[in-house]
**Q** 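Before I ask anything, here is the structure I am working with.
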Amino acid sequence: MPNIVVVGAQWGDEGKGKVIDMLTEKTDIVVRFQGGNNAGHTVVVGGQEFIMHLIPSGILHPGKYCVIGNGVVVDPAGLLEEIEGLRKRGIQVTPANLGVSDQAHLIFPYHRTLDKLKEAKVGPGKIGTTGRGIGPCYTDKAARVGIRLADLLDREVFRKKLQLNIEEKNILFTRVYQAPALNFEEIFESYSRYAEQLAPHTVNAPLVLNRAVKEGKSILFEGAQGTWLDIDHGTYPYVTSSNATAGGACVGTGVGPSLIDQVIGVVKAYTTRVGEGPFPTEFPPALMEQIRTKGKEFGATTHRPRRCGWFDAVLVRHSIILNGINEIAVTKLDVLDDCPTVKICTTYRLAGKALETPPANIDRWSQVEPIYEEHPGWLADTSQAGSFEELPPQAQKYLKRLEELLGVRISIVSVGSKREQAFHV
Ligand code: IMP
C-alpha cells in the first residue's frame, strides 16, 4: 500500500473519516497532521457511531498504529476524554496503538477563553470558530511562546513556561477583555496530572514514522478540516489556523514529500460549510432545509447547522491543484436522491468576466455569481448501490460529469454513513 494523504477538497466535513476508515484496512499507520479537536470525524461501524476529534479514525481497526503528529494542537483533557470514551465502548487504546508527538503544541484553558472572547468582541465580523482554542494556540506557537508535550513532561520547564504565559494572558484578560484572571496553581496541577497519563503515549513521531517507512510499512495521513479552511489557501480570514492542504502532511509529521505516493481529495456530492465566509453556491432556504435534514448536516463538534449548496467545481478544481490530488472520493451521493434537478457550478462571473479560480480578495469572492449547468436528477434510491454499475444512469452521468470537469478520476463513492455503504470504482 502506498503512503497516501487524504484531504478535504471543500470546507471540511466531506466525510474524510469514512474514507480513512475504508483505506485503513490496507495500511499500517494512520497519522493526523494538523488541526485539533475542532475536527469531528464520524465513522459508523456495526450500527455504532464513533466521532473522533483528535484520535485518527484508524483506531477503530485492531492492529493499526495511530499517531497524533507535531502539527496537531492537542487539548489534553479532550484527548484523555476521547481515549476513555473509546475504551468504554470496547476499543483498545494503549501506547501500543496510539502515539502522540512530543512536539505537538498543547491547548490550555486560556486558549479556549481567548477564542470565545475574541469572537464575542468582533461581533458581526466574527469567524464563527468552534471555540476550542485552536486559533489562540497556533498564535502562541507562531509567537514562540507555546507549550509542547515535551515541555509538559518536564515539571520545572513546564512551571516556568506556564508562569510566563499566565502572566502575559492575565494582563490581556483583565485589561483588554475585562475578564477574570487565571489561577496558575489550578492549571499547573491539572496539567501535571495529564502529563502522567500522556507520558506513555509520547513519541518522537518523525523517527517512528520514518523508521516504519524504511521497514516497508505504509502511512495514511488523515487531513482535518478542508482546503478552503487552510490558513494560506482558504477563504482567509474565514479559515482555521493550520495548513489543511496536503503540504501540511509533511510539515505536521516530519515525513518528507518524496515519501508521499498519492493524494486523495474527498468531496461531498454537494457542498457544505460551517461558520462565516463566502459560499457562492449556497442554497435558497427551502432547498437548504431539505438537504440539511436529509444529509444530517449539523456539525459533529459544535452541532451547529451547516450551510449547504450545490457542488462547486471551480472550488474543487483549484483544490486539485493546491493539493496535487490524483484521485477523488465522492461522499453522500444518496443525499441528492430526491432532487428533480441537480446543479453544478462550473464558472464564477464577476463584473461580467469569467474567473478561472476563486479571487484572493475575500470581498470580491463574496460578490461572484456562480454559473451553473443543470442535470436531471435520478430520483431513485442510491443508498443500496454496491458498485458504480448499480447506480441509476443519471447518477452515473452526474459523477462522470464531475470527473470531466475536475480532470481527475473518482475512485471511491459513498452512499450512506455505514461502513458497507461505499465502493471503489
Ligand atoms: P476554528 O478552527 O475553531 O478556529 O474555526 C475556524 C473556522 O473553521 C470556522 O469557520 C469553523 O466552523 C471551521 N472549522 C473548524 N474545524 C472544522 C471542521 O472540522 N469541519 C468544518 N469546519 C470546521
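Atoms within a ligand are numbered from 1 in the order they appear, just like the ligands themselves.
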**Q** Mark yes or no: Arg306 above the aromatic ring of Phe298, with NZ or CZ under 6.0 Å from the six-membered ring centre and no more than 45 degrees from the axis.
**A**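 Cation-pi check for Arg306 and Phe298: fails.
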
**Q** Starting from atom 21 (C) of ligand 1, what is the nearest protein heavy atom, named by residue and atom, and what distance separates them?
**A**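 Among all protein heavy atoms, the one nearest atom 21 (C) of ligand 1 is Asp13 OD2, 3.0 Å.
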
**Q** Between ligand 1 and Asn38, is the shortest N or O to N or O distance under 3.5 Å?
**A**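 Yes: some nitrogen or oxygen of Asn38 is under 3.5 Å from one in ligand 1.
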
**Q** So, 4.0 Å and heavy atoms of Ser241: is ligand 1 close enough to count as a contact?
**A**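 Per 4.0 Å heavy-atom rule, Ser241 does not contact ligand 1.
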
**Q** With a 6.0 Å cut-off on ring centres, are Trp11 and Phe279 close enough?
**A**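 Trp11 vs Phe279: aromatic centres under 6.0 Å.
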
**Q** Considering only protein heavy atoms, which is closest to atom 10 (O) of ligand 1, and at what distance to one decimal place?
**A**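 Its nearest protein heavy-atom neighbour is Val274 O, 3.1 Å.
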
**Q** Is the ring pair Phe184/Phe188 parallel, tilted or perpendicular, if the boundaries are 30 and 60 degrees?
**A**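 Parallel.
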
**Q** Using distance alone, decide if ligand 1 has a nitrogen or oxygen within less than 3.5 Å of any nitrogen or oxygen in Glu276.
**A**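 Among all N and O atoms of Glu276, none is under 3.5 Å from an N or O of ligand 1.
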
**Q** State the atoms of ligand 1, each with its element, that fall below the 4.0 Å cut-off from a heavy-atom position in Gly128.
**A**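 Heavy-atom distances to Gly128 below 4.0 Å select 9 (C), 10 (O), 11 (C), 12 (O).
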
**Q** Please check if any side-chain donor atom of Arg273 sits under 3.5 Å from a side-chain acceptor atom of Gln10, or the reverse.
**A**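 Absent: no donor and acceptor within the cut-off.
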
**Q** Flag Gly12 as yes when one of its N or O atoms lies below 3.5 Å from any N or O atom of ligand 1, and as no otherwise.
**A**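 Between Gly12 and ligand 1, no N or O pair is found under 3.5 Å apart.
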
**Q** Would you mind finding which of Leu229, Val239, Thr272 brings a heavy atom closest to atom 14 (N) of ligand 1?
**A**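 Among Leu229, Val239, Thr272, the closest heavy atom to atom 14 (N) of ligand 1 belongs to Leu229.
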
**Q** Return the residue, atom name and 0.1 Å-rounded distance of the protein heavy atom closest to atom 5 (O) of ligand 1.
**A**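 Heavy-atom neighbour on the protein nearest atom 5 (O) of ligand 1: Thr129 CA, 3.3 Å.
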
**Q** To the nearest 0.5 Å, how far apart are CD in Gln34 and CD1 in Ile134?
**A**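 So the CD of Gln34 and the CD1 of Ile134 are separated by 10.0 Å.
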
**Q** Heavy atoms only, cut-off 4.0 Å: how does Trp11 contact ligand 1, side chain, backbone, both, or neither?
**A**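 The answer is the backbone of Trp11.
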
**Q** Does Lys217 count as lying over the ring of Tyr65, i.e. NZ or CZ under 6.0 Å from the six-ring centre, within 45 degrees of the axis?
**A**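 Negative - Lys217 is either too far from the ring of Tyr65 or too far off its axis.
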
**Q** Using the ring centroid of each side chain, check whether Phe311 and Tyr398 are separated by less than 6.0 Å.
**A**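 Ring centroids of Phe311 and Tyr398 are no less than 6.0 Å from each other.
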
**Q** When you check the gap from the basic side-chain N to the acidic O, do Glu119 and Lys126 get nearer than 4.0 Å?
**A**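 Salt bridge: no.
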
**Q** Quick one: does ligand 1 sit under 4.0 Å from the side chain of Thr302, the backbone, both or neither, non-hydrogen atoms only?
**A**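 Neither part.
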
**Q** If you have a sec, work out which protein heavy atom is nearest atom 17 (C) of ligand 1 and how many Å separate them, to one decimal?
**A**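 The answer is Gln225 CG, 3.5 Å.
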
**Q** Among the heavy atoms of Ala224, does any lie under 4.0 Å from an atom of ligand 1?
**A**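 Contact check Ala224 vs ligand 1: negative.
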
**Q** Which atoms from ligand 1 have a heavy atom of Arg304 less than 4.0 Å away?
**A**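 Contacts of ligand 1 toward Arg304, numbered from 1: 11 (C), 12 (O).
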
**Q** Looking only at distances, can you tell me whether any N or O atom of Thr130, backbone or side chain, sits closer than 3.5 Å to an N or O atom of ligand 1?
**A**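 For ligand 1, there is an N or O atom that lies under 3.5 Å from one belonging to Thr130.
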
**Q** Can you say whether the rings of Tyr110 and Phe108 are parallel (under 30°), tilted (30 to 60°) or perpendicular (over 60°)?
**A**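 Answer is parallel, since the angle falls under 30°.
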
**Q** Side chain, backbone, both or neither: which part of Arg132 comes within less than 4.0 Å of ligand 1 when only heavy atoms are counted?
**A**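 No part of Arg132 is near ligand 1 at this cut-off.
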
**Q** For atom 2 (O) of ligand 1, grab the closest protein heavy atom and report residue, atom and distance to one decimal in Å.
**A**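 Its nearest protein heavy-atom neighbour is Thr240 OG1, 2.6 Å.
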
**Q** Between Asp140 and His105, do the side chains contain a donor N or O and an acceptor N or O under 3.5 Å apart?
**A**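 Result is no, nothing qualifies.
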
**Q** Output the distance between atom CD (Glu25) and atom OG1 (Thr27), rounded to the nearest 0.5 Å.
**A**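 Nearest 0.5 Å value for the CD-OG1 distance: 11.5 Å.
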
